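So the structure is just underneath, and the comments pick up after that.
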Number of protein chains: 2
Amino acid sequence: MNDLTERQKFILTLVIHEYIRTATPVGSQHLVARYNLDMSSATVRNELAVLTERGYLRQPHTSAGRVPTEEGYRYFVSRLIQATELPDSTRRMISHQFYQMRHDVEQWMRLAASVLAHQSRAASLVTAPHPEKARLKHLELIATRGRQVLMVLVMVGGEIHQRILILSEPVGQERLSQVAHHITTLYHGKDAEQIRALRSLVEGLEADILEWVLEEMEHVDSVVAGEIYLDGLTNVLSEPEFTASDEARRALKLLEEPTLLQDLLARTVLTHSPGGVQVLIGGEGTWEELRQCSMVLGSYGAPGLVMGTLGVLGPMRMSYGRAISVVRFMSNLLSDLVSETLMDDSAIKSDEEVSHE
Amino acid sequence: MNDLTERQKFILTLVIHEYIRTATPVGSQHLVARYNLDMSSATVRNELAVLTERGYLRQPHTSAGRVPTEEGYRYFVSRLIQATELPDSTRRMISHQFYQMRHDVEQWMRLAASVLAHQSRAASLVTAPHPEKARLKHLELIATRGRQVLMVLVMVGGEIHQRILILSEPVGQERLSQVAHHITTLYHGKDAEQIRALRSLVEGLEADILEWVLEEMEHVDSVVAGEIYLDGLTNVLSEPEFTASDEARRALKLLEEPTLLQDLLARTVLTHSPGGVQVLIGGEGTWEELRQCSMVLGSYGAPGLVMGTLGVLGPMRMSYGRAISVVRFMSNLLSDLVSETLMDDSAIKSDEEVSHE
DNA sequence: ATTTAGCACTCTCGCGCTGAGAGTGCTAAT
DNA sequence: ATTAGCACTCTCAGCGCGAGAGTGCTAAAT
């Protein structure tokens with residue numbers, strides 16, 4: 001399995017580019033005309049034949065142009081693609097937007113999804129930062145009415161969970177605050193397992209509350225990713241291979257199913273480190289519905305503390321260069337933001353502007 | 001403008017039903033055959049002619065069947081439709097699901113969106129309960145790192161807002177808790193305006209913090225609705241009038257634009273009371289992109305305290321009976337849930353089961 | 001030994017045509 | 001008032017066909 005010649009690589013690149021542009025099979029004459037190649041269509045034809053035999057291209061039918069195969073895209077992505085960085089002005093603009101709303105993590109997620117979708121012209125998905133193992137940072141209990149209590153749980157890393165408890169009898173706000181404070185000081189920084197080991201430190205009402213806390217924390221641990229933000233579904237919808245095909249419906253249906261997405265993203269989070277970008281072509285790795293789609297996935301976060309996933313999903317015929325660069329950029333940007341803002345224990349130098357009304 | 005005869009109403013109903021079922025123009029012979037009418041097709045034809053002249057039906061071209069017009073649907077919805085309640089078993093099942101997760105408002109919203117989408121077989125949208133005027137219930141300040149502080153704001157009605165503050169100098173958790181407690185006791189139950197009037201009660205750090213609180217509360221007031229939950233986009237996508245038409249893209253694009261949705265829902269919230277259901281046909285009321293769509297909207301909540309909107313969006317050729325009944329049902333169900341769980345000041349009798357580990 | 005020109009061949013796609021089918025409106029009979 | 005009958009209209013699926021694009025192969029040229 002010796003390699004392709006330079007010219008073959010070059011031609012493969014051109015075919016892929018052209019197919020991404022036009023969504024129609026590309027022929028030899030078309031190529032020489034459009035790119036002013038200084039060889040004849042016959043030469044190109046020979047090379048196309050080789051590439052086809054190698055499995056990188058295929059013909060929809062005899063005597064039609066060539067279309068890249070999955071392997072073709074894969075070869076292109078892994079060996080041929082050259083890093084197209086986003087223009088500097090764009091990067092600045094995007095960073096600026098993020099730093100303008102440094103106070104709200106949820107808005108970051110939305111903005112990240114929106115930027116990914118716009119820049120890649122595909123559908124995007126982003127998960128909120130999520131701890132690998134939830135550790136308690138702060139507990140708050142707020143009396144609402146009668147026996148009902150609003151429990152607000154802040155995890156190390158900044159994730160917030162809320163839940164309504166129903167006690168067996170009414171308890172005043174004063175007492176609740178005491179309990180919350182006590183639990184917070186006792187178990188600050190501990191994960192569910194550690195808390196469970198030490199739960200005999202409290203009793204009575206406090207023990208009951210702690211049970212709720214544990215339940216919630218274990219629930220948090222059982223979910224692999226935070227909330228999922230989507231954007232740009234309409235982008236992929238308007239691609240020709242999706243209009244009127246029921247392939248579209250199935251793919252979009254997938255995106256409406258949060259559990260499936262969780263699964264999908266879980267693998268990614270586990271299998272690679274932030275900064276790196278993973279490209280899945282044609283639903284690679286058992287995803288029947290996405291056979292026509294590709295994904296470019298990355299992750300972000302502060303390793304060991306909180307992590308999130310982000311990526312774009314488009315037709316297999318998507319602009320990988322653009323997608324990879326924007327995913328990588330956003331991955332780094334969000335990592336920086338998260339580290340700067342949410343980190344807790346580590347001693348990272350901070351030199352943000354003093355903003356204080 | 002005298003009214004239609006009974007038979008004309010009857011035939012109009014049949015035409016609409018049949019068109020909703022088949023999505024193809026319906027003709028006279030077809031009607032008599034399918035519904036075993038004891039009149040001839042010629043009679044039906046005459047009536048169809050009348051209905052067409054009145055503007056309730058139209059022919060795509062000479063010698064094709066009839067299709068309902070916007071006015072046709074409107075007449076049908078406002079005067080002909082008979083309330084089709086959801087089967088009792090379904091209602092029970094849905095209620096049960098909700099009461100099973102009484103601890104998490106966010107999950108209610110997701111479930112509500114999901115139920116609406118499934119039952120109506122259209123796209124659904126639900127907004128989280130949102131106060132008309134935010135009133136402070138509880139403030140919590142949590143030290144994170146250096147000068148950074150996580151502010152958690154709980155409003156009367158249960159809405160929670162969080163935000164990261166950056167102080168001019170580090171402040172310990174003890175002090176922060178004090179400040180939060182003080183502000184909570186001073187301004188509990190007050191809205192932004194009232195707090196602003198009384199802000200001279202505090203000074204120094206507390207005054208600074210209060211400024212952030214006010215800013216956030218005023219921001220909350222400026223938004224007309226809570227977070228928006230969508231579901232079932234793929235339902236409407238698979239309708240024949242949407243496949244391959246770029247009408248589809250524009251309509252879905254609308255749903256990706258949160259600000260537009262806010263606008264749209266705002267009108268509804270303002271213009272009618274919970275329990276009532278509003279039907280907008282053909283993007284009635286200036287919504288160009290939705291000319292092919294209809295919406296069935298309702299609202300829910302505890303009047304004066306928190307309100308939310310919910311509804312379904314489908315092709316004009318949607319099953320209004322089903323949609324109206326499910327929207328009404330969900331509207332009432334959510335109202336009950338919200339009242340039972342989130343209400344605060346009013347003295348509503350509560351008789352929930354004692355659930356306490 | 002490549003590259004290229006030429007050529008015969010294949011396959012798709014858009015076009016116009018056509019006949020079947022569905023539906024209508026009108027008129028006359030019931 | 002209703003209905004049977006009928007002539008007419010319009011869509012739509014199917015078909016044939018020619019243009020166009022693309023291929024593979026062979027033989028000549030570099």
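Below, chain A is the first sequence line, B the second, and so on; all start at residue 1. Everything numeric in this text was worked out from a predicted model, so none of it was measured.
- Evaluation of atom-type donor-acceptor distances gives a pair under 3.5 Å for the side chain of S63(A) against the base of dT10(C).
- Distances shown here put a side-chain N or O of S28(A) below 4.0 Å from the OP1 or OP2 atom of dT23(D).
- Between Q8(B) atom CD and dT2(D) atom P there is a gap of 10 Å when expressed in whole angstrom units.
- Scanning all heavy atoms of the two residues, the minimum distance from G311(B) to L297(B) falls at CA-CD2, 3.9 Å.
- Atom CD in E47(A) sits about 18 Å away from atom P in dG22(D), given to the nearest Å.
- Each of dT2(D), dT23(D), dT3(C) was ranked by its minimum atom distance to the side chain of R7(A); first place goes to dT3(C).
- Between the CD atom of E53(A) and the P atom of dC25(D) there is a distance of 11 Å, rounded to whole Å.
- Going from atom CG of N46(B) over to atom P of dG23(C) covers 16 Å, rounded to whole Å.
- Between dT23(D) and R66(A), a contact under 4.0 Å exists linking OP1 or OP2 to a side-chain N or O.
- Residue-level contact check: S41(B) touches neither bases nor backbone, having no heavy atom under 4.0 Å from any strand.
- For T62(B), whose side chain is taken as the heavy atoms from C-beta onward, the closest listed nucleotide among dC10(D), dA4(D), dG23(C) is dC10(D).
- Where A42(B) and H61(B) each meet DNA chain D at their nearest nucleotide, the meeting point lying more 5' is that of A42(B).
- Following rounding to the nearest Å, L57(B) (CG) and dT24(C) (C1') show an atom-to-atom distance of 14 Å.
- Taking 4.5 Å as the limit, every side-chain heavy atom of Q8(A) sits out of range of all side-chain heavy atoms of Y56(A).
- E18(A) places its CD atom 11 Å from the P atom of dG22(D), with the value rounded to the nearest Å.
- Going from atom CG of L37(A) over to atom P of dT3(C) covers 13 Å, rounded to whole Å.
- Distance from the side chain of R45(B) is smallest to dG25(C) among dG24(D), dG22(D), dG25(C).
- Put simply, CD on Q29(A) is 13 Å from P on dG20(D), counting in whole angstrom units.
- For S294(B) (side chain) and G314(B) (main-chain N/O), no donor-acceptor pair under 3.5 Å exists by modelled atom type.
- Between S40(B) and dT3(D) there is a side-chain N or O to OP1 or OP2 distance below 4.0 Å.
- Panel note: side chain Q292(B), backbone P315(B); no donor-acceptor pair is recorded below 3.5 Å.
- Listed nucleotides dG25(C), dG24(D), dT4(C) differ in distance to Q59(A); the shortest reach to its side chain belongs to dG24(D).
- A salt bridge links E239(A) with R317(A); the closest basic N to acidic carboxylate O contact falls under 4.0 Å.
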